[in-house]
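Position 1 is the first residue of the sequence, and the numbers go up from there. Source: prediction; values computed, not measured.
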Amino acid sequence: MSAIGRRSLLLGLSGCLGFPSLIKAAVPPPLLVSARADLFGDFFVTAWRASGDPVFDVPLPGRGHDVAVH
C-alpha cells in the first residue's frame, strides 16, 4: 500500500473543490433519530428531517435506550 503523494492529494482536493454541487448531492441530509413513547405507552424509534418532517417510525417491543448505526 503506497502513501498518497502531495500531488495526488492536491489534485484530489482541487477536483472536490471544483464540484461542490456533486459533493453536496452525495451527502444525505442529517436526521434526528430518537427512541420515544406515545400516549398509549407504545415505544418507537423515530426519525425526523431537520425541517420536522417524519422519515420513519418503527415500533419497538419495549423501551428504547439508545440508537446504534447499523
Going by the rule salt bridge (charged side-chain N to carboxylate O under 4.0 Å, His left out), which residues pair with Arg49 if we only count those two or more places apart in sequence or in a different chain?
none
What distance do Asp53 atom CG and Trp48 atom CH2 have between them, rounded to the nearest 0.5 Å?
12.0 Å
In terms of heavy-atom contacts, Phe44 and Pro59 come closest through CD2-CA, 3.6 Å
Holding to salt bridge (charged side-chain N to carboxylate O under 4.0 Å, His left out), I want the full list of residues that pass it with Asp57, two or more places apart in sequence or in another chain.
Arg36
Is there a continuous path of hydrophobic side-chain contacts, each under 4.5 Å between heavy atoms, that joins Val45 to Leu32?
no
The criterion is side chain to side chain donor-acceptor pair (under 3.5 Å); which residues satisfy it with Asp42, sequence neighbours excluded?
none
